[in-house]
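All values below were derived from every heavy atom in this structure, side-chain atoms included, with hydrogens, water molecules and symmetry-related copies excluded.
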Amino acid sequence: MARTSIGYGIIGSGMMGQEHIRNIALLGDAHVAAIFEPDPGMLAKSLALAPGARALGSIAELLAAPDVDCVLIASPNHRHVEQLEEIARVRPLPVLVEKPLFTTAEDEQRAAAVGRRLPLLWVAMEYRYMPPVARFIAEAGRATGGIHMLTVREHRYPFLDKVGAWNRFERTSGGTFVEKCCHFFDLMRLILKADPVRVMASGGSAINHRDERYGVEVPDIWDHGYALVDFDNGARAMLELCMFAEGSRYQEEISAVGAAGKIECLVPGPTRFWPEHLGAPPVAQVVVSPRDPAGPRVLDIPVDPALLAAGDHNGSTFYQHRRFVDAVRGAGPVEVSLDDGHWAVLMGLAAQRSAREGRAIDLPRGAGN
């Protein structure tokens, strides 16, 4: 594009939206031009992070702004599809939409249709861009000789407080296996270079949010679970999620094993949550363990402190925006496609259905967009 600096229009600037704003400010060739955020408190915080941005009263006003070159959607999950449809109808612009792409089986076809009407649609899967995860992905094939088993474990803190408590309910979040775990289902497909054919899961609520009340409503979001996934290339993957394990040294642990050996990835949680009395927070690592000659090789993967301070995702939000802006300029590809976002939600919905019905759920081949 001709502009020296790409202007973002932000739809939704709560906690995650503000992380995006902080990282956009680090790019150097992009800026936040306009923000639509209905909550006054969140709007004030976001404008403080982007003092050159204008607060606008609707999505229509944001789309009418001539200095908006692309759009970031970071609103509550259940609003994503309708907002994408409005953009496609009023002024089709390149869009970076936060995960999940959609939240219910009923919205699957709407999401697929609107994605094809936009000039560029990128689904925000930040975990791909964490430096230790990116290093793991780059080396996994060589380290394993071909992956047969992939395991993703996230032991973390409970869901944070969000405006309107939308993340406490399945009807607005999509449910834990969609809202939280679509990241990991996306990583499974990316790492294995294959599509899922069967999902079996177990999950529920054990500890978190059980005493909370919102009017007469009790949160129905889950706080732990397992999912097993069979892939069309014969590989198998497992997810283990626990959201009452914030005392862990590492938040995400990923391992892949094949005939030649094993590779692991260890990712700390957000720096701001690390207890000060323990000293410096841990550094992310990748561990390569060949079978012959046996013996692990440990690689520290430090992340720029400025990127760690800009968000809770190990620097990944910055790298994602760097590639998105390149794609907007026509200088790079869309790396997280409509198809990727579609599959991640289908896998999450299948996991939730499996856990409820107590049976494996088959996914038709080619079930993605």
Side-chain angles (χ1 to χ4, degrees), residues 14-28 45-46 48-50 74 99 124-140 143 150-162 180-181 183-184 187 191 207-208 223-224 239-256 261-290 295-323:
M15 190 176 300
M16 191 62 208
Q18 290 165 36
E19 176 169 328
H20 283 290
I21 292 170
R22 288 192 294 270
N23 281 275
I24 291 167
L26 298 175
L27 291 173
K45 289 180 180 180
S46 61
L49 295 172
K99 58 78 194 168
M125 293 292 187
E126 287 85 10
Y127 284 50
R128 289 183 176 210
Y129 298 99
M130 292 180 174
V133 176
R135 181 68 172 270
F136 174 97
I137 293 168
E139 297 199 15
L150 175 66
T151 302
V152 181
R153 181 169 79 174
E154 183 173 66
H155 282 190
R156 57 161 280 166
Y157 49 91
F159 281 117
L160 298 174
D161 292 333
K162 299 292 181 77
K180 180 82 261 319
C181 301
H183 278 302
F184 306 124
L187 284 178
I191 293 166
I207 305 294
N208 300 339
D223 60 14
H224 71 291
L239 166 67
E240 176 187 328
L241 174 73
C242 179
M243 299 189 70
F244 42 89
E246 59 266 44
S248 303
R249 181 172 180 80
Y250 293 104
Q251 181 168 289
E252 287 88 27
E253 301 181 21
I254 307 173
S255 69
K262 178 172 78 169
I263 183 170
E264 300 166 89
C265 174
L266 308 174
V267 185
T271 304
R272 66 189 175 108
F273 291 155
W274 183 253
E276 291 186 5
H277 71 275
L278 296 178
V283 175
Q285 294 182 334
V286 169
V287 184
V288 181
S289 304
R297 177 169 56 98
V298 180
L299 307 172
D300 284 345
I301 312 292
V303 178
D304 185 336
L307 301 187
L308 292 176
D312 291 342
H313 295 85
N314 208 249
S316 62
T317 304
F318 171 83
Y319 294 112
Q320 176 179 252
H321 277 286
R322 176 69 277 151
R323 288 168 170 81

Sequence neighbours left out, what passes side-chain hydrogen bond (donor to acceptor under 3.5 Å, both in side chains) with D312? Give chain and number order.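 Once residues adjacent in sequence are excluded, the partners of D312 under the side-chain hydrogen bond (donor to acceptor under 3.5 Å, both in side chains) criterion are R272.
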
Got a sec, which residues hit side-chain hydrogen bond (donor to acceptor under 3.5 Å, both in side chains) with K180, two or more places apart in sequence or on another chain?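 Y127, E154.
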
Tell me, do [X] and [Y] make a side-chain contact under 4.5 Å, heavy atoms counted?
X: M16; Y: T317; value: yes
X: E240; Y: T151; value: no
X: Y129; Y: R322; value: no
X: P268; Y: N314; value: yes
X: I137; Y: L187; value: yes

Enter the distance from [X]:[atom1] to [Y]:[atom2] here, rounded to the nearest 0.5 Å.
X: M15; Y: K45; atom1: CE; atom2: NZ; answer: 7.5 Å
X: R128; Y: I191; atom1: CZ; atom2: CD1; answer: 9.5 Å
X: S289; Y: K262; atom1: OG; atom2: NZ; answer: 5.5 Å
X: L150; Y: I263; atom1: CG; atom2: CD1; answer: 11.0 Å
X: C242; Y: Q251; atom1: SG; atom2: CD; answer: 11.5 Å
X: N23; Y: Q18; atom1: CG; atom2: CD; answer: 12.5 Å

Minimal non-hydrogen separation, [X] against [Y], with atom names:
X: I301; Y: P132; value: CG2-N, 3.8 Å
X: V287; Y: P296; value: CG1-CB, 3.8 Å
X: L308; Y: G315; value: CD2-N, 4.5 Å
X: H155; Y: S248; value: CB-OG, 3.6 Å
X: R22; Y: G311; value: NH2-CA, 4.2 Å

With sequence neighbours excluded, tell me which residues meet salt bridge (Lys or Arg N to Asp or Glu O under 4.0 Å) with E126.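 Salt bridge (Lys or Arg N to Asp or Glu O under 4.0 Å) check on E126 returns nothing, list empty.
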
Whether F244 and H224 hold their rings parallel, tilted or perpendicular, with breakpoints at 30° and 60°: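 Plane angle over 60°, so perpendicular.
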
For the side chain of D304 and the backbone of A306, is there at least one donor-acceptor N/O pair under 3.5 Å apart?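 Yes, D304 side chain to A306 backbone: donor-acceptor pair under 3.5 Å.
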
For F136, check ring-ring contact (aromatic ring centres under 6.0 Å, His included) against everything at least two apart and list the hits. none

Tell me, please, which residues at least two apart from Y157 pass ring-ring contact (aromatic ring centres under 6.0 Å, His included).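 Once residues adjacent in sequence are excluded, the partners of Y157 under the ring-ring contact (aromatic ring centres under 6.0 Å, His included) criterion are F273.
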
Step through the shown structure and confirm whether more than 12 heavy atoms of other residues, nucleotides or ligands are within 6.0 Å of NZ on K162. yes

Considering only residues two or more places apart or on different chains, which pairs with a residue in residues 243-255 satisfy salt bridge (Lys or Arg N to Asp or Glu O under 4.0 Å)?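 Listed once each, the pairs are R153-E253.
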
